[in-house]
Amino acid sequence: MNYLDAKSAPAREDRLKANIAFGGNLARMKGCLQRGCFGKEGCLNLSGRSFTQTHGCQFLLSLAIINSIRKSVVVMHGPVGCGICSTGNIGMNKSFKQLRDPNSEGIIWLNTNLDEADVIGGGEKKLREAVLYADKEFRPETIIVANGCVPALIGDDVDSILSDLQEQVAAVIMPVHCEGFKTKVMATAYDAVYHGILKNHVRLPNREKYVVERTFEDLQRQYRISRNVNILNVGSMSRPDELELQRILTAIGLNVRFIPCYAEPEDFEYSLETSLNVSICGTHDDYFVEHIKEKYNIPFLIDTIPIGRKNTDRWVKKIAERFGLEKEAERYLAEENKILDESLKPFRATLKGKKAFLAGGEVRIIATAEIVQDLGMEVVGFKAHHFDQFIEPIFNALDNIDNVLIDVATNQPFEQANLVRRLKPDVLIAHTGGNNIAAKHGLPLLPLFGPTYNYLGYSGVFEVARRLNRVMRNNQFNKNLAENTALPYKKEWYEKDPFTYIKEQE
Ligand code: SF4
């Protein structure tokens, strides 16, 4: 894989043949994955919808990563509405940065505020002014320019403008081409951001004696590098999640660095002093780790996500194998599982037999289903943002799942509302940020991740179980909501097949 000569990363529907429109059971979906027929005629990659309620925009998802990068200013090049959602995570963003460095500032962003006149005359002047102002006023290490639809449609030559500006500013300018209209698969955003990071911030650190003289310090550093792993974190990971993964990997003898979220620009240079890049979730990271492998020959691991006991066991063992630490991992995992098993008993007693519906990112929901089954509950349905090849290893941790229905839909809350009415779950486990509609079903609702709560690793299983137990015991708020507000759909919609508008390619 090498797309770095291109201006921007390709859309995921082309590069990975991802699917965003499917309704059926998991057996059928797995069949498509196993046949490996992505992109060919009759393949689910080509499916679409004859009606779409809402869509996702990769510009917004890109902000989830770039807003988190420390010592940066983000310039949003577009109309003022693009990226306004950033106001929603100002507080969380600042405190998360300060958990890494107490002196960190919160998000600093500027918007070029393109209007009708700029659509005719071009946005170049405003972009120049914004970048120069960002550099002079805030003195950041990097200025990240997120490019929206409008400048792309009117033909602003953003890269030429920025390369000219680079001569005039102290910060490293990092363009991110994340125009919403260019892809239907929102997860293309991860590639768009990694593309910018790879081109502008990944280079070998400028160490004076880098592997030239074999001093004692060099040998120490080389030993350390031989035990270093980069964990590619994601916006949905909390700091407690990071600490849990660090706890586990340190226990078997490894050193851990987290990138890209909440990293600072220099971290991307030092991230090359590692022996393994470990993806938390293939949906996020393959673009980055493949390029690093090709350019710097650093191996990578993309397998399962450490959510649930079996998935965490598998993830840790796969990492341990790369370092010859299998025995250390075996011993450690046995102990962790014993403690966790004991601590889950009270929750199993209350949650056994309850039915759950899960909605959110494909990898996270399928992995969470393992926790649901571990607690003796039943999975009755899924709604995934999209699906691609990276979902495959996660199925291994599940039992009797083939007949469970899955709706593949980025947003489209109307399909979820219909499915939930039919499947009658006892609890919804659903993506944070989309639960205003879901809550009106009156069911207990557990957010699929949260800024402060631990979800990953062994302690994450306990925390999910504890929170599930709590929301199931006290659901009064959502009950009140359901009694006093209506879902925004007519009763005729609930009588229709929830997959009515999904059109598969013949
Ligand atoms: S779709 Fe385009 S115009 Fe709309 S928010 Fe996304 S980048 Fe901005």
Side-chain angles (χ1 to χ4, degrees), residues 6-15 18 20-21 48-49 51-69 72-90 93 107-127 129-131 134 143-159 161-162 173-197 235 283-284 287 361 385-386 409-413 431-434 436:
K7 185 170 94 169
S8 56
R12 288 229 175 164
E13 44 270 62
D14 300 327
R15 184 173 74 82
I20 52 161
R49 277 185 172 73
F51 167 74
T52 294
Q53 185 183 10
T54 57
H55 230 297
C57 161
Q58 63 156 338
F59 185 94
L60 309 184
L61 192 52
S62 297
L63 292 177
I65 303 178
I66 58 186
N67 278 343
S68 79
I69 293 178
S72 70
V73 171
V74 176
V75 174
M76 301 175 190
H77 189 35
V80 75
C82 292
I84 196 67
C85 61
S86 294
T87 48
N89 75 345
I90 287 173
N93 189 286
I107 317 175
I108 304 173
W109 92 80
L110 308 171
N111 187 294
T112 52
N113 190 18
L114 298 186
D115 58 20
E116 288 87 342
D118 302 314
V119 168
I120 296 162
E124 176 175 345
K125 183 167 175 280
K126 284 186 171 176
L127 178 59
E129 281 171 4
V131 171
I143 297 172
I144 305 172
V145 178
N147 203 31
C149 294
V150 172
L153 290 169
I154 63 177
D156 275 359
D157 189 353
V158 171
D159 284 332
I161 299 166
L162 296 180
I173 300 177
M174 174 176 132
V176 175
H177 290 278
C178 49
E179 304 86 354
F181 74 89
K182 282 193 175 166
T183 177
K184 288 182 179 171
V185 183
M186 240 177 132
T188 302
Y190 305 123
D191 305 345
V193 176
Y194 277 135
H195 192 85
I197 292 173
T283 282
H284 285 253
Y287 194 84
H385 292 332
H386 77 278
T410 314
N411 301 327
Q412 319 300 351
H431 195 278
T432 310
N436 49 344

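Indexing begins at 1, ligand by ligand and atom by atom, following the structure's order. In this text, all values refer to a predicted model and were calculated from it rather than measured experimentally. The first residue of the sequence shown is numbered 1, and numbering continues consecutively from there.
In this structure, Arg12 contributes its side chain and Thr283 its backbone to a donor-acceptor pair below 3.5 Å. Listed for the Ser62 side chain is no donor-acceptor partner under 3.5 Å among the backbone atoms of Val193. Under a 3.5 Å cut-off, the side chain of Asp156 and the backbone N or O of Val158 do not form any donor-acceptor pair.
At a cut-off of 2.8 Å, Cys82 does not coordinate atom 2 (Fe) of ligand 1 through any N, O or S atom. Taking 2.8 Å as the threshold, Cys57 counts as a candidate ligand of atom 6 (Fe) of ligand 1, since one of its N, O or S atoms lies below it.
The option with the heavy atom closest to atom 2 (Fe) of ligand 1, from among Ser62, Gly180, Cys149, is Cys149.
The pair Glu129-Lys126 does not meet the salt-bridge criterion, since no charged nitrogen lies less than 4.0 angstrom from a carboxylate oxygen.
Closer than 4.0 Å to atom 4 (Fe) of ligand 1 lies none of the heavy atoms of the protein.
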